[in-house]
Amino acid sequence: MNHCALRSSCGTNVFKPLPCPYEGPPQEPEDRALLTEVCGPEFAAGPVCCSSDQVETLKANFVQVEAFLASCPACRNNFRSFFCAFTCSPHQGEFVNVTSTQEGSNGRTAVKSADFFVTEQFGKGFYDSCKDVQFGVTNGYAMDFIGGGAKDYHAFFKFLGDVKPLGSPFQINFPTTSTPDITPLDPPPRNCYDSELTSRCTCIDCPDMCPALPPAPLPNAGPTCLVGPLSCLSFILSVTYTVAVLGFLTGYAISAFRRHRREKSYERVALSADAASPRTRSHGLVGAASLSHYIDEDSSGAPSENRHLGRGVSLLDPMVTVQPRQDRINNVIRRGFYHLGLFASNHPWLMFSVVFLVIGLLNIGWDRFAVETDPVRLWVAPDSESRLQKEYFDQHFGPFYRTEQIFVTAAVPRSESNSNDTTQTTSITIGEKEPVLSWDRLKFWFDVESQIRNLVSPNGLTLDDVCFKPGGPRGACVTQSIAAWYGNDLENYGPDTWADHLEECAWNPVDCLPDFQQPLEPQFVLGGVPLDTKGSKQYLEAEAFVVTYVVSDSLDQHKQAMIMDWETTLRKYLTDLGQRAEAEAGLSVVFSTGVSLEEELNKSTNTDVRIVVLSYVAMFLYVSLTLGSGSTTKDEDGVISSLSRWIRNFPKLFKRSRSASTISIDSRDVPTLFPRFPRSLFVGSKVLLGLFSIFLVLVSISTAVGFFSLLGVKVTLIIAEVIPFLVLAVGVDNVFILVHELDRQNTLHGPNAAPTYITALSPTNSHRFNFESTQPDVDDTSLPLYLSAEERVARTLAKMGPSILLSTITETLAFALGALVPMPAVRNFALYAAGSVLINAILQVTVFIGALLLDLKRVESSRVDCFPCIRLSSRIALPETSATSSGLGRIARFIRRYYAPFLMNSVTKACVVIIFVGGFVASVISVQHIQLGLDQRLALPADSYLVPYFDSLDAYLDVGPPVYFVAKGVDVAERNGQQALCGRFTTCPDFSIANRLEAERKRPEISFINQPTASWIDNFLSWLNPVNDECCRVRKNDPSVFCTARTPSRACRPCYQGHEPAWNITMTGLPQGEEFMRYLKQWLVSPTTAECSLAGETAFGDAISFTADSSRIEASHFRTYHNPLKSQDDFINAFAAAHRIADEISEEAGVEVFPYSLFYVFFDQYAHIVGITQEVLGLGLASVLIVTGLLLGSWHTAIIVTGVVAMTVLSVMAVMPLWGINLNAISLVNLVISLGIAVEFCAHIARAFMSVSSSSSVTVVGNTVSHGHGVEQKERDERVHIALVDVGPSVLSGITFTKLIGMSVLALTRSKLLEIYYFRMWLTLIVSGALHGLVLLPVVLSLAGGRGFPPGTDEEWMRDATRIEYEYPTFNADDDSIRSD
């Protein structure tokens, strides 16, 4: 017998009617039509347990949830069936049991609580049909509203049964067990994937209906071919290298064993003593005896075959070898530099005047000096795709909102007893601080928010004037804060009730709607929420709460300035709050405002003037002391020895000499009252010259700024911070090279040059040498004894000018190639660096040459450095220096005697090749692990208040940034256009924009999208559904007029009521053409209300852009959200994934689609950075090859230099992943700079190697000419030896040490950006460049270097040849030459 449990109404509980307990039989309904309309055809016949007023209440309740459920028939019909059965089923008494009653408002007994018995099968099916139904207005789910975000059907039913204003008026419980007299409700649940139209849902609301997407690779995924932890490439390289080294060592051991056996079998043959004649005496390398292993002994001793050469063979004696060919380009360059040097030295003041006049004119450009500070214009290329898309988005939909965000945590650390459960983020360990929430702190923070709302800017603006109001000008501001859960007022709460309310709001945000009437999820306002043992979140134990003010932006500069003015006021208030919050409430406050990032990026705290001054002072001292060290006479005491001698002899002043002696005593041992310092301290020092070289660096920087400012290229803070260090480190190198070469010229042709070998070889003994002399009366063997100062300076520039030209061209080209990087900040930096280096080099070969001449004349006239007006008296100079003395410095003597012979040893060469090839393999392996990105915290000053803000952002905010997919040029007024966009109708294609985005959301690990899409087209067409009778309404008496919120309901009807064909999910009958546009425009101005949440003004008012005449839609966007993005990899991968999705949608749907998110403009570079790196470095290496090939005159040697440069750059790249350096535009330019500077380490040695004349593989042994590989090898060894002694000291002291000094000061900077991307990379470059240039390059040149060229004319070639004989006696294996050192 059917019976009921409750029926009719017995008063209200303030909000809604309460049913009466009723155990009688069901009755016939008063209004069968209404019942059938609300609950369906199941109730078309038979008695029921509900009255007509209950059916009216059901209908009103269903209307409230219709907007959430209408898109999925299965969920909608399950929901209606569930509550219709509970309210009206004639079998109600079988599954409903009233457990308690109460007195209603009318004094009658009403139900207070009841048990509703439902089977698990129906409960699960009901929940499953609704759990994925989306509500696009909020980018959320219907379950957030109808089920409080429930995760299973138990929580869903609990939410439905709990008493709440927008829920049940009485408590409904859902027991899981029942007594035998209870028959739980068990109708078959509808499934979203059923084929019936009354159940079938679309892909958006039913994952089972979604088509399978083709597999997509992870963005920037690593190598797919792996052998254990190694990529296949790394494995192959490692195995190949290991096998090659083992093979080489095995072959070498076998060769050594066989050679040892042969040496035992044959008697060594000594060379004839005739081989030691003055013209053909021995030039065997000391320390290079192992070179003899290249030539096998022959038992027959045949003179025409290779044999052990021993020490008596001359390989480079110019008197017995064929004079080499000339290189025309080098001769022209050398002569050009000679004439330039001769002019500058003969007319130094004229050169000063002309050059500085030009410099002064270029510096006029300072009048147009400007600094670029806008982050977008700094870091985003003008033609960047993402920047163009951002501009399109801003123009058509308005600029993205500005956010003012605050993170509040407890200032007190968590006690140790509770600190076991911690989580490490980038810079913050979650769990170290105590929970932030307490009653006292809430009261303090509510006062803070009240003060923020009342803040008034100097222009009179408040938060209400600038905030974003989705409900229109009279709506509420969007403020995401826990205070919004309390209605911004704690008056109705106390110490015992605040916590319960907060936890209720965190679990059921829909019950605590803020003023802007959109659910505020806990992840937006609470951070660092711990989990209990069951995995449930403990919101009251949250470590931080987050407050976000959303502020409107404007393209109008005046309005934007007023908004920024209010933001500046807020920033000042929050700065003060952060200083007092700890003392007043025990809180730590970090924040960011809309103006914060640009202000902090443009601060000058990175540019520490003291560091810049320190670097220049350090360089000045080094240059001054080092340049003057070469002027000290060999027999002259130094400063320390002079002081020591003075202290030792000082007591003799007070002793009376007892007897006269005729023995000559050293005047330095005569006691004096004051110490007798060496003349070189006063005359030979180069303080003024060093100061002038530093001055030229500053002038070159100033001129570059003036020149590029004249061209409209703006300065950036990176230029101001880095260029002074870079040009200082690069620009001083040539000074050392020129000064060292001038010292060599002074040794050969200065006033104190030794005449021994010159007079023997120069019968003409001319006093003046013309560089281009071709007079027939000048003998080829003649060399002058003395050359004027001007001639020596000109010869200095002629000798080193080509090397300077080579390094300058390659450096300038390399720096200029950095301008290919489209990012303005980097491009401008590259241009300024290239310009500064080029101008500095020009100044060094012009005005510095004049200064070099003036300083040389000062020294030779014994004038004091820094005080040239003071002249010291001349001393008697006796020619005590041996004719064989080379006049080399300590470094050169060390290289000649120890380093070069050691390096040219065959075993050393083999070790060097093995080590560097191993380094190359390791570099290739390491390069594969380079990460992309640039942490924005690095660009901030170290003490910026934004650094802890970004740390908190990573640690506490678990929300991803919004992303918009913009569709352009779609004719949405036509059905095809509508179907290309929609997702909630059965005729929407599987790969429409809405469906594709939903399908991608279901694989967030690949798509980086994890929120439902806000689809305006689906919401708009659902708004037209006549079931939603409070949405689209027209007047009954005039359907052409829309009803407003103030129009009485009795005068209105649904827009599509009675429409033919009727509204349906197949889209048949939905509006098109002008009708579509008419309804659309009304939808966009309809405010969102509780009765109609589908209206478009609030959620989609800015989602559509019309043409100028508003006749059609030009563009529209679909909003969703990325995953929470924590690392640079996350941002880069999200960017790549969004563009992949947009490209695939464009191809499949035939619609032009592009993605936009606020951060995309800054990450666009990473889509192309790898290709740009390969292109720029490839072009750089090609330019190095061409320039070195032309200027060295040997493509063979040019290939070697280019290869060594490439290995240097590769080694710098290999260190990047090991030292935390990511690949980005800044590091790319530094790699290009590394390429240019690496050439400098190689160019001078390669040039010196090529300048030593080759014997054309012809060697005279006695009276026999021998050809062979062994002779060529020894020849290259000696040329490398000469090159190392010639320019090695300059490379070491003038290039390596100067760069180390200039760059090491950057280690003291407070900017992490400068430390990581400049100091670390440049330090690696300097060390790697020195090792490759001074170790690897000489070895490779000795093994495979090209044929050499002489300096130019016959006289110069002869001079070079005689230098082999006399200037480098280490090549002679006799003991006298060794003692000469």
Side-chain angles (χ1 to χ4, degrees), residues 324 326-348 351 733-750 753 766-775 778 780 782-809 841-857 1190-1193 1243-1253 1282-1283 1286-1287 1290 1294 1348-1364 1367:
Q326 302 292 321
D327 180 53
R328 182 172 300 176
I329 295 178
N330 280 272
N331 289 342
V332 171
I333 295 173
R334 219 172 359 251
R335 290 191 180 98
F337 276 111
Y338 172 77
H339 288 299
L340 177 62
L342 200 60
F343 178 83
S345 58
N346 281 316
H347 311 284
M351 180 64 76
D733 303 345
N734 297 333
V735 172
F736 279 84
I737 293 171
L738 291 171
V739 172
H740 289 171
E741 177 60 26
L742 181 60
D743 289 341
R744 191 175 294 113
Q745 291 290 337
N746 290 335
T747 301
L748 292 174
H749 306 297
S766 62
H767 296 284
R768 172 82 174 153
F769 174 70
N770 187 342
F771 187 79
E772 297 184 294
S773 176
T774 56
Q775 300 175 11
V778 179
D780 285 348
S782 64
L783 280 175
L785 170 64
Y786 170 77
L787 296 177
S788 66
E790 292 80 2
E791 182 71 23
R792 277 175 275 151
V793 170
R795 281 171 168 258
T796 296
L797 186 59
K799 174 68 185 303
M800 304 312 300
S803 295
I804 294 174
L805 179 65
L806 174 58
S807 61
T808 301
I809 290 178
I842 293 174
L843 293 177
Q844 286 171 340
V845 297
T846 53
V847 294
F848 184 76
I849 293 299
L852 204 59
L853 183 279
L854 296 177
D855 186 75
L856 178 59
K857 288 191 172 183
L1190 293 175
L1191 297 185
L1192 289 179
H1244 302 293
I1245 291 178
R1247 174 75 194 180
F1249 173 79
M1250 292 302 299
S1251 297
V1252 179
S1253 59
I1282 295 173
D1286 207 11
V1287 298
S1290 297
F1349 295 95
T1353 64
D1354 291 343
E1355 293 86 357
E1356 283 289 313
W1357 174 80
M1358 187 61 65
R1359 188 211 67 177
D1360 182 70
T1362 55
R1363 284 176 59 199
I1364 298 171
E1367 208 173 325

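Any value given below was found using the heavy atoms of this structure, including those in side chains, with hydrogens, waters and symmetry copies removed. This one's a predicted model, so the numbers in the text were calculated from it and none came from an experiment.
Taking CG of Leu852 as the reference point, atom CD of Glu741 lies at 11.0 Å (rounded to 0.5 Å). To the nearest 0.5 angstrom, Ile809 atom CD1 is 9.0 Å from Leu1190 atom CG. Once rounded to the nearest 0.5 Å, the distance linking CG of Leu340 with OG of Ser345 reads 9.0 Å. Expressed to the nearest 0.5 Å, how far CG of Leu853 lies from CD of Glu791 amounts to 11.5 Å. Expressed to the nearest 0.5 Å, how far NE2 of His740 lies from CE of Met800 amounts to 10.5 Å. Here Thr846 contributes atom OG1 and Met351 contributes atom CE; the two are 6.0 Å apart, rounded to the nearest 0.5 Å.
When every heavy atom of Leu1192 is checked against every heavy atom of Met1250, the shortest pair comes out as O-CE, 3.8 Å. The shortest non-hydrogen separation linking Ala789 to Leu856 is CB-CD2, 3.7 Å. Heavy atoms only, all atoms of each residue included: Ala1283 and Phe1249 are closest at CB-N, 3.6 Å. Shown here for Gly341 and Ile849, the closest heavy-atom pair between the two residues is O-CG2, 4.0 Å.
For the pair Ile333 and Leu1191, the minimum side-chain heavy-atom distance is below 4.5 Å. Looking only at side-chain heavy atoms (C-beta outward), Leu797 and Tyr338 stay at 4.5 Å or farther from each other. Side-chain contact between Phe848 and Leu843: absent, with no pair of heavy atoms (C-beta onward) separated by less than 4.5 Å. At a threshold of 4.5 Å between non-hydrogen side-chain atoms, the residues Asp733 and Ile804 do not count as touching. Contact check for Asn734 versus Ser803: no side-chain heavy atoms found under the 4.5 Å cut-off. In this structure, Asp1286 and Arg744 have side chains that are in contact, with non-hydrogen atoms separated by less than 4.5 Å. Residues His1244 and Ser1290 are not in side-chain contact: their nearest non-hydrogen atoms beyond the backbone lie 4.5 Å or more apart. Ile329 places none of its side-chain heavy atoms less than 4.5 Å from the side chain of Arg334.
The aromatic rings of Phe343 and His347 sit tilted relative to each other, their planes meeting at an angle between 30° and 60°.
With hydrogens and angles ignored, the 3.5 Å screen pairs no side-chain donor or acceptor of Asp855 with any backbone N or O of Ala851. Judged by distance alone, the side chain of Arg792 and the main-chain N or O of Leu787 form a donor-acceptor pair under 3.5 Å.
The existence of a salt bridge linking Glu790 and Lys857 is confirmed by a sub-4.0 Å separation between a basic side-chain nitrogen and an acidic carboxylate oxygen.
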